[in-house]
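Data block below; observations after.
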Amino acid sequence: MAPDEPRPSTERIAFRTCPLCEATCGLEITVRGDTVVRIRGDRHDVFSAGFICPKGSTLKQLHDDPDRLRGPLVRRDGVHVEVSWAEAWAEVERRLTEVIDRHGRQAIATYHGNPVAHSLGAMLFGRPFSQALANPVRFTASTVDQWPRQVAAGHVFGSPVAVPVPDLDRTDLLVVIGANPMVSNGSLCTTPDVPGRLAALRARGGTLVVLDPVRTRTAQEADWWLPIRPGTDALALAAVVNSLAAAGRIDPGEHLAGHVDGLDEAVAAVAGLTAESVADVTGIPATDMHRLAGMLADAPSAVVYGRIGTTTAGFGTVTSWLIDLVNTVTGNLDRPGGAMFAEPAASPVGGGSGGRRGFHAGSRRSRVSGHPVVLGEHPAAAMAEEIVTPGEGQLRALITVAGNPVLSTPHGAALDAALDELELMIAVDIYLNETTRHADIVLPPPSALQRSHFDAALAPFFVRNVANYSPAVLPLEPGRPDEWEILAKLALIAQGAGAEADPDVVTGLAVAGLVRSATQDDASVVAGRDPDELIALIGDRRGPEALLDVMVQLGPYGAAFGARPDGLTLDRLIEHPHGIDLGPLRPRLPGLLRTASGRVELAPPAVLVDLERVRAELLGGARQRGPGSALLVGRRHLRSNNSWMHNVSVLVSGRPRCTLLVHPDDAAAWGVLDGGVARVTSRVGSVEVPVEVTDEIRPGVVSLPHGWGHGVDGTRLRVAAEHAGVNSNLLTDDRAIDPLSATSTLNAIPVQVSPVGGR
Ligand SMILES: Nc1nc2c(c(=O)[nH]1)N[C@H]1C(S)=C(S)[C@@H](COP(=O)(O)OP(=O)(O)OC[C@H]3O[C@@H](n4cnc5c(=O)[nH]c(N)nc54)[C@H](O)[C@@H]3O)O[C@H]1N2
Ligand SMILES: Nc1nc2c(c(=O)[nH]1)N[C@H]1C(S)=C(S)[C@@H](COP(=O)(O)OP(=O)(O)OC[C@H]3O[C@@H](n4cnc5c(=O)[nH]c(N)nc54)[C@H](O)[C@@H]3O)O[C@H]1N2
Ligand code: SF4
Ligand SMILES: [Mo]
């Protein structure tokens, strides 16, 4: 072979954003033929600059994993067998039609899990599918996650996507409540390289404070760790507001003058919840609360940021609202270094012109328990009862997309049993796991490396405005549908168009819908233009690419179909494989507001009502604390990703991680030993789990990670089965739901701990 002739084994380099968590790190992927040789951080990525965590490079192992499903499965006589795509689609059509004929579309529910937010195809084409089902009962992982934060944003700013994010790169004081970004790499705060950014905060003389019952990796980095009692953050934040009020330091700042309603009312609402009066309950001395308030008021810029420990520890909406209140009264809302709003290049929700309709949630109720239905979402915790409780509206079919609710939603045992009662379950998933083993039909999308990527769902939460599109790294196997095609096809079948229908029809309808509504919107850059002319400009792009091009062109930086020739198009994004930096966050108020008043509404009536529940439940009476009684919290690990990456050997090697953290004083009092086994019991269930005794946890609190509990019959996860662990959601209580957001309480769960096998 001549030296300059390319060899078939020539390596090529591809660039792709990591889809595994919210950090959106750029990856540099070396490929030979159709084989991934190596994955490392992309040093030229405009956002992550080479940072990567141990999970990022395992996209290779995930792609190569022999347990990852390569073709559809149909359950016959209780056993999942491989079938062709044609057979699978015929089966879907037959079974779905049966259910619709027998019970109507209202008997079919969907559950969309976390990876939907990281899959452009699943996200954009999940909606047509729900619409085709006329899907009144919609579950997602949001009601075991961030819904309270988004509902609070709805009340205060008028839109559930107007979520303030910490301006991490410019702040002087970062107060982290119930989040562990050193491990989670940030959530509702998209920020690759948390370790580097926290080091930079330090280097510029800034301060990090962490409120967490556990001395997490993030708390270890902090200047000050406040080991708060779980479930009491609302009281601590109210105490900060009162301390500021007493010191005469309530001041939203000149920049918000005329744009804030309800300030006095909000401050009055928390009156009485002083640092002194809540100290016994929060476990934080009053002097510490006053000191924290003083730091927030004194810092040139400061921001309070809360995550899972604030949204899923009960009172999630009130707590998220209080975070907004503290950021506002300290003058840090919508200001560099404070709590700011991103301006996404393309977002299918929010942005745009949008009317000022105000925010309404929870007028509909769930059938069985009358839980609120919030922003169209039924609480995931109610899935089991909606399936097993007879009567008009009983759920007979469930379609899960990228979800593992048996391990990720409360009272997992009840759901595990309920799924068997369904007449039909379809799962769009890459694995046969604890949830999808119940499915009659499993439709596996290709691996992440075979799909294109753009973080449309996360963009409203970026700490810097960035746009980055990645084409697929590896080709699809012939005849294999992409994830968007699977969802488009499900939509068509649900509509009655049949198993042979062409998924491109769905693209066409979705593109036309977006374009037409833009041309009819007076505030749009394409107002009044001919929709057909714009649609023609999209050319022969298909699926997510067609929709993304429209979204980008119509977005704030977009080319607007030629009207702004220097603006962004999908082609421009393709020319920039390391992403396009659109700059630091810019002030966005009042333009972003969608409240009825057009102002920041600091005293939403519904939230103030629920504040009274906080008072009643937390300050209501003496807490009985017998031996062995504790509050259970969750935790994450850098090498786990919720429930679904435990089949990757390099991520589960080493010491078992599904352990119960117990403080030495409690261990002694309860008779449990380091390395021994404890039984943990809650209202709904009981597990036995190895104990790790550590003084890095607050006494009276125990910590157990979620996402474990593998090794059950009928799954195909050979590696995970050898590292099974226990399902912490056998303990979480399906009845504990935040009434404003329909979101489950997954932390601060009352449990009883006892030794197994004596001392
Ligand atoms: N106790 C407790 N419970 C919790 C939490 C907690 O902190 N404590 N955290 C909660 C949070 S924040 C979340 S987000 C939820 C997550 O809840 P879920 O989204 O229900 O669970 P995951 O473990 O993320 O499961 C993801 C599923 O998607 C599949 N999958 C992975 N990639 C793809 C893909 O590209 N396409 C498709 N179609 N499928 C894919 C996986 O095989 C798996 O079945 O768990 C919640 N549960
Ligand atoms: N490595 C890794 N990264 C992930 C994930 C993962 O599973 N693994 N999951 C991703 C997902 S889906 C999400 S939503 C994010 C979550 O991102 P984070 O919220 O940053 O992650 P957690 O580790 O759950 O942090 C919650 C913290 O709250 C504390 N806590 C519990 N109860 C309370 C309380 O009542 N008050 C206070 N103040 N603290 C409390 C816990 O001890 C814990 O340290 O992480 C994402 N990133
Ligand atoms: S932090 Fe890790 S998992 Fe998250 S995007 Fe970056 S490389 Fe991927
Ligand atoms: Mo999450």
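Each residue takes its place number in the sequence, starting with 1. The structure displayed is predicted, hence computed values, not measured ones. Just so it is clear, the values below take in all heavy atoms, side chains as well, and ignore hydrogens, waters and symmetry mates. Indexing begins at 1, ligand by ligand and atom by atom, following the structure's order.
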Name the residue from Arg38, His44, Arg40 that meets the side chain to side chain donor-acceptor pair (under 3.5 Å) definition with Glu28.
Arg40
Could you tell me whether Arg138 atom CZ has more than 12 heavy atoms of other residues or ligands within 6.0 Å of it?
yes
Considering residues at least two apart in sequence or located in another chain, which fulfil the salt bridge (charged side-chain N to carboxylate O under 4.0 Å, His left out) criterion with Arg217?
Glu221
When the ring centroid of Phe15 is compared with that of His578, is the distance short of 6.0 Å?
yes
Sorted by chain and residue number, the residues having a heavy atom closer than 4.0 Å to an atom of ligand 2 are Lys55, Asn114, Asp145, Ile177, Gly178, Ala179, Asn180, Pro181, Val183, Ser184, Ser187, Leu211, Asp212, Pro213, Val214, Thr216, Ile228, Pro230, Gly231, Asp233, Arg307, Ile308, Gly309, Ala313, Val633, Gly634, Arg636, His637, Leu638, Ser640, Asn641, Asn642, Asn747
Between Asp610 and Arg613, is the closest basic N to carboxylate O distance under 4.0 Å?
yes
Within the 6.0 Å centroid threshold, strictly below: His723 and His710
no
Could you tell me if Arg657 sits above the aromatic ring of Trp708, with its cationic atom closer than 6.0 Å to the ring centre and no more than 45 degrees from the axis?
no
Tyr111 versus Asn404, closest heavy-atom pair with distance:
CE2-N, 4.2 Å
Checking Arg639 now: which residues fulfil salt bridge (charged side-chain N to carboxylate O under 4.0 Å, His left out) with it, not counting sequence neighbours?
none
2.8 Å shell around atom 8 (Fe) of ligand 3, exclusive bound, protein N/O/S atoms:
1
